[in-house]
Amino acid sequence: MAQEDVFKKIVAHCKEYGFVFPSSEIYDGLGAVYDYGQLGVEMKNNIKTYWWQSMVLLHNNIVGIDSSIFMHPTIWKASGHVDAFNDPLIDNRDSKKRYRADVLIEDQIAKYDEKIEKEIAKARKRFGDSFDEEKYRATSANVLEHTAKRDALHERFKKAMNDGDLAELKQIILDEEIVCPISGTRNWTDVRQFNLMFSTEMGSTADSNMKIYLRPETAQGIFVNYLNVQKTGRMKIPFGIAQIGKAFRNEIVARQFIFRMREFEQMEMQFFIKPGTELDWFAKWKKTRMAWHQALGFGADHYRFHDHDKLAHYANAATDIEFLMPFGFKEVEGIHSRTNFDLSQHEKYSGKSIKYFDPETNESYTPYVIETSIGVDRMFLSIMCASYEEQALENGETRTVLHLPAPLAPVKLAILPLVKKDGLPELAHSIQDELKFHFNCQYDEKDSIGKRYRRQDAIGTPYCVTVDHQSLEDNTVTLRNRDTMEQQRVNIADLCGILSDTVSITSILKTL
């Protein structure tokens, strides 16, 4: 099945089973805005808990805050967002559709990559076990041709982005004969800059209104509070401040479901360090963050680092952790060495000293910062994509199953009475009443036991308990594993201990 079709099925699955709904759907929706349903919000909260505890509980020198969405507008002037938070915009005159010029070119680069991989896949199939991929890449005329075109385009694109050369970006689009996906034409406007911040006004009268912005990132709320946290928490460098919160960007092209939205949630940690140590800490946090992702068990081949071709104005090192989505490797987390840009700018624009006094060296300095920033929604989508499977069974049937990591699954245990009589529902409810204090349980008595198993597989419930007539006699139940579908007889009194070892966030944290 084509990956595009797989992705469409995942999007439909999210709606059908209560994970994600289009926002304002009864009013025909609102572009690139989504609501999390009853299962989606549970899973999203579990993701946030996993991140928060891995940051705050596992590190003695990291604490959390929750800053306001509305902040003084000068903050965004100091951070550079008012003047420099732009994307290159281009319109197609025939379709009247608007695109990001850089994304169009990145997609073109990805097409060259796909052509290379197709050539290699065909060769691997033709030569079998004797296939030498490295040699084939170095000698195949087709692969060499595609690689040369890809590398030349990449270098040209990289230079144009670093130079801010909008005319060159348009020329690349024309030279590569990139067409509008809607109209199929190359009737493009010039490329121009588009500021991504939403603005509004604060004040009770027209004369006293102040123009303010919905924050496009959560980091600045940390920076303007860094000294408050440092002093009240008696923090010593190095230390970090973590935050989870909403951010807003007026994206030119919001697409691929919840991957790129106008309202989204970030999990960010800013780590304050002594100048001169930033590249060592950058390397350490790269390793730490990749381990956090890979602890979920999807396999190392699903992840890669992608170093930035164009560094942001505040950074001296930057990389992305990319995850293999159905539409290719895409960024889920950014790790940046932000130098002392942000704190220096806020000191300059506020006129207040926010330097750190180091009692060990008896000197004051502006700390450098290592940032880790992960999109909750992108993380959610990556987990859904990696977990979704349409599985063929030995009896010829198929089942749709979400192989969600058990600690992140919205429902940990489904409790299913075999029949709706003979005291089985009562015993099932009593089991739920006992276990609900430990993890999220769901009671289900409708339809055959097989259909109920399939329903739980589809929402990623790692375990099901079936209460039958034997349960009334010896206080045992059948415990079914979602992934293996194996069943075992266990004592009701042992359920909590058995499940807690695998469904708690702690079980992942211990592997880090």
For the rings on [X] and [Y], is their centre-to-centre separation under 6.0 Å?
X      : Y      : answer
Phe198 : Tyr213 : no
Tyr356 : Phe272 : no
His293 : His302 : no

Which atoms form the tightest heavy-atom contact between [X] and [Y], and what is the distance?
X      : Y      : answer
Cys441 : Ile415 : CB-CD1, 4.2 Å
Ala406 : Thr502 : CB-O, 3.5 Å
His81  : Asn195 : O-ND2, 3.2 Å
Arg338 : Glu371 : NH1-OE2, 2.6 Å
Ile258 : Tyr36  : CD1-OH, 3.5 Å
Val376 : Met267 : CG2-CG, 3.3 Å

Using distance alone, with no hydrogens and no angle criterion, decide if [X] and [Y] have a side-chain donor and acceptor under 3.5 Å apart.
X      : Y      : value
Thr361 : Glu363 : yes
Gln442 : Thr461 : no
Tyr112 : Asp151 : no

Side chains of [X] and [Y]: closer than 4.5 Å at any heavy-atom pair?
X      : Y      : result
Leu404 : Pro410 : yes
Ser67  : Asn225 : yes
Val369 : Phe341 : no
Pro238 : Pro367 : no
Tyr368 : Trp281 : no
Leu296 : Met379 : yes
Lys510 : Thr506 : yes
Leu169 : Phe157 : yes

Verify the neighbour count for atom CG of Asn60: are there more than 12 heavy atoms of other residues, nucleotides or ligands below 6.0 Å? no
request  = Using atom types as modelled and distance alone, determine if a side-chain donor or acceptor of Arg399 lies under 3.5 Å from a backbone N or O of Gln391.
outcome  = no
Q: Mark yes or no for whether Arg262, through its side chain, and Gly31, through its backbone, hold a donor-acceptor pair below 3.5 Å.
A: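 Here the side-chain-to-backbone pair exists.
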Check your understanding: Only one of Arg215, His346, Gln270 forms a side chain to side chain contact (heavy atoms under 4.5 Å, CB included) with Gln220, so which one is it?
Key ->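 Result: among Arg215, His346, Gln270, His346 is the only option passing the side chain to side chain contact (heavy atoms under 4.5 Å, CB included) with Gln220.
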Looking at [Y], does the NZ or CZ of [X] lie under 6.0 angstrom from its six-membered ring centre and within 45 degrees of the ring axis?
X      : Y      : answer
Lys48  : Trp51  : no
Lys412 : Phe439 : no
Lys286 : Phe305 : yes

### Query
Hey, what's the ring geometry for His59 with Trp285, parallel, tilted or perpendicular (30° and 60° as the breaks)?
tilted
- Query: Parallel, tilted or perpendicular: which fits the ring planes of Tyr34 and Phe257, with parallel below 30° and perpendicular above 60°?
  - Reply: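 If you compare the ring of Tyr34 with that of Phe257, the planes turn out perpendicular.
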Trp52 and Leu57: side chain to side chain contact (heavy atoms under 4.5 Å, CB included), yes or no, with the steps? CA-CA 8 Å; Trp52 187 266; Leu57 290 188; 6.0 Å; no
Would you give the length of the straight line joining atom NZ of Lys231 to atom CD1 of Ile354, rounded to the nearest 0.5 angstrom?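 Between atom NZ of Lys231 and atom CD1 of Ile354 there are 10.5 Å.
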Tell me, with the steps shown, if Asp320 and Arg304 meet salt bridge (Lys or Arg N to Asp or Glu O under 4.0 Å). CA-CA 8 Å; Asp320 295 332; Arg304 72 181 186 189; over 6 Å; no
So that I can tick it off, tell me whether [Y] and [X] are bridged by a salt bridge, with the cut-off set at under 4.0 angstrom between side-chain N and carboxylate O.
X      : Y      : value
Arg137 : Glu133 : yes
Lys236 : Glu360 : no
Arg156 : Glu168 : yes

Note to self: Working note: Lys274 + Asp280, criterion salt bridge (Lys or Arg N to Asp or Glu O under 4.0 Å); need CA distance, chi angles, decisive distance, verdict.
What the structure shows: CA-CA 11 Å; Lys274 188 174 182 177; Asp280 287 338; over 6 Å; no
- request: Let me see the working for Glu278 and Ser337 under side chain to side chain donor-acceptor pair (under 3.5 Å), right down to the final yes or no.
  value: CA-CA 7 Å; Glu278 68 271 12; Ser337 174; 5.3 Å; no
Show, in sequence, the C-alpha distance, side-chain angles and deciding distance for Glu331 and His306, and conclude whether the side chain to side chain donor-acceptor pair (under 3.5 Å) test is met. CA-CA 8 Å; Glu331 176 197 352; His306 176 255; over 6 Å; no
Determine whether Asp457 and Arg480 satisfy the following criterion, side chain to side chain contact (heavy atoms under 4.5 Å, CB included), listing intermediate values before the conclusion. CA-CA 11 Å; Asp457 292 341; Arg480 174 186 180 269; 3.0 Å; yes
Q | Check against side chain to side chain donor-acceptor pair (under 3.5 Å), Ser54 and Trp292 | A | CA-CA 8 Å; Ser54 71; Trp292 183 88; 3.1 Å; yes
